[in-house]
There are 2 protein chains.
Amino acid sequence: MSYSIGEVADKLAISPYTLRYYDKEGLLPFVDRNAAGRRRFKDNDFNFLEVIICLKEAGVPVKQIGHFIDLCMTGDATLQDRYDFLADHETKLEANMARLQHTLDFLRWKKWYYKTALQAGTERIHYLPGTNQVDPAVHATFNQLVADGASPKTLGNLD
Amino acid sequence: MSYSIGEVADKLAISPYTLRYYDKEGLLPFVDRNAAGRRRFKDNDFNFLEVIICLKEAGVPVKQIGHFIDLCMTGDATLQDRYDFLADHETKLEANMARLQHTLDFLRWKKWYYKTALQAGTERIHYLPGTNQVDPAVHATFNQLVADGASPKTLGNLD
DNA sequence: ATATAATCTAGAGTTAACTCTAAGTCAAGC
DNA sequence: GCTTGACTTAGAGTTAACTCTAGATTATAT
């Protein structure tokens, strides 16, 4: 079974432009061509494409993905390098996800901040008396609610 | 207490170039200037900067952050809009994190794939006999190990 | 047989988010 | 008083990852 660039583009929800760009950058050296010079993707090529998409999602730059594909084409001598590459990006992705969790926590606290302001009809309830400055104790209040068992995910919901 | 652009840059680990760029894009309308036209950041400005950094981490484009700051400057009439904005990006961030979790799962399975190939000395152990195609059953084998209670996080570790 | 649609390449254009340069102003230390 | 370093603006340059155009070729459907 073989597939044209358009069929692969549809299957993977990636434009043919992008696939050709990846090819130009050396990400698709495994793709065969027919007599007319057109790309013919094999079933096994999807194993490579899956990895390419995974690495892209993980935030790995195209050039580095190209390096990984180079290692793949070289053979068994590079198994350790390929393992190390994936282990490295696993670590980086874990760190990135931890960072995003903090970002999400902050977004939820701010949502609660606006929920309470909305219920009071004004943001002034969060200001230090007689100023336009946010009272630092407001964040502490939110943290206390969470510490007391409230769910940070739902605490800011209006319902 | 007030701070120069350099002091703020140091505190937030953002370059002065970037801070000026954010100002140019309308993200810092709240920053005062001294008689000489130099930016003087107030303590309360860090509340805005915290939100800006949070939204950036969440992947919100600079233009949209500018829109949120506009809402902030308009006053209590926009509290609902600001709440909706944060709730929307909370949802998007949750979806993004779920996507990254799938990416991480895939990265771990591939790490295990290379660990086992490395232990066998060749990637051929994962190929269908007499071919260069990966046996689809290999992924199923990994999934079975996880279903049987193994930790996907450590299954691919070499140790 | 012919029109339409898909593909090819080389190379130009786009977008976002910086990042820096140039030329000038201002503040602090000696 | 003078030098050094931080700051100002406008605008140019950079980078990554596409995204598209032009002109040619090939495959598909009537």
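Reminder, nothing fancy here: chain letters follow the sequence lines and each chain counts from 1.
Nucleotides of DNA chain C with any atom under 4.0 Å from a heavy atom of chain A span, from 5' to 3', C:dA6 to C:dG11.
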Contacts table for residues 152-159 of chain A: side-chain donor-acceptor under 3.5 angstrom, sequence neighbours left out:
residue  : atom : partner  : partner atom : Å
A:Lys153 : NZ   : B:Glu94  : OE2          : 3.1
A:Thr154 : OG1  : A:Ser151 : O            : 3.4
A:Thr154 : OG1  : A:Ser151 : OG           : 3.4
A:Asn157 : OD1  : A:Lys111 : NZ           : 2.8

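With B:Asp32 as the fixed residue, the salt bridge (charged side-chain N to carboxylate O under 4.0 Å, His left out) test singles out one of B:Lys42, B:Arg40, B:Arg38: B:Lys42.
The interatomic distance linking B:Leu28 (CG) with D:dT8 (C1') rounds to 15 Å, in whole Å. Atom-to-atom, CG of B:Leu19 to C1' of D:dT9 comes out at 16 Å; the value is rounded to the nearest Å. Between the OH atom of B:Tyr17 and the P atom of D:dT9 there is a distance of 14 Å, given to the nearest Å.
Applying the side-chain hydrogen bond (donor to acceptor under 3.5 Å, both in side chains) test to every pair with at least one member in residues 128-141 of chain A, sequence neighbours left out, gives these pairs: A:Trp109-A:His139. Applying the ring-ring contact (aromatic ring centres under 6.0 Å, His included) test to residues at least two apart or on different chains, the pairs with a partner in residues 61-98 of chain A are A:Phe68-A:Phe85, A:Phe85-A:His89.
Against DNA chain D, the stretch residues 35-58 of chain B makes heavy-atom approaches under 4.0 Å through B:Gly37, B:Arg38, B:Arg39.
Annotation: of the two residues near DNA chain D, B:Pro16 and B:Lys24, the 5′-most nearest-nucleotide partner is B:Pro16. Where B:Tyr22 and A:Arg33 meet DNA chain C, the nucleotide closest to each residue was compared, and A:Arg33 sits on the side nearer the 5' end.
Residue A:Ser15 is out of contact with every strand shown, counting any heavy-atom pair closer than 4.0 Å.
Put simply, CG on B:Leu19 and CD1 on B:Ile5 are 5.0 Å apart, with the number rounded to the nearest 0.5 Å.
The existence of a salt bridge linking B:Glu25 and B:Lys63 is excluded, since no basic side-chain nitrogen approaches an acidic carboxylate oxygen closer than 4.0 Å.
Listed by chain and number, the residues in a side chain to side chain donor-acceptor pair (under 3.5 Å) with B:Lys11 amount to none (sequence neighbours excluded).
A cation-pi contact, defined as under 6.0 Å to the ring centre and within 45° of the axis, links B:Lys110 to B:Tyr113.
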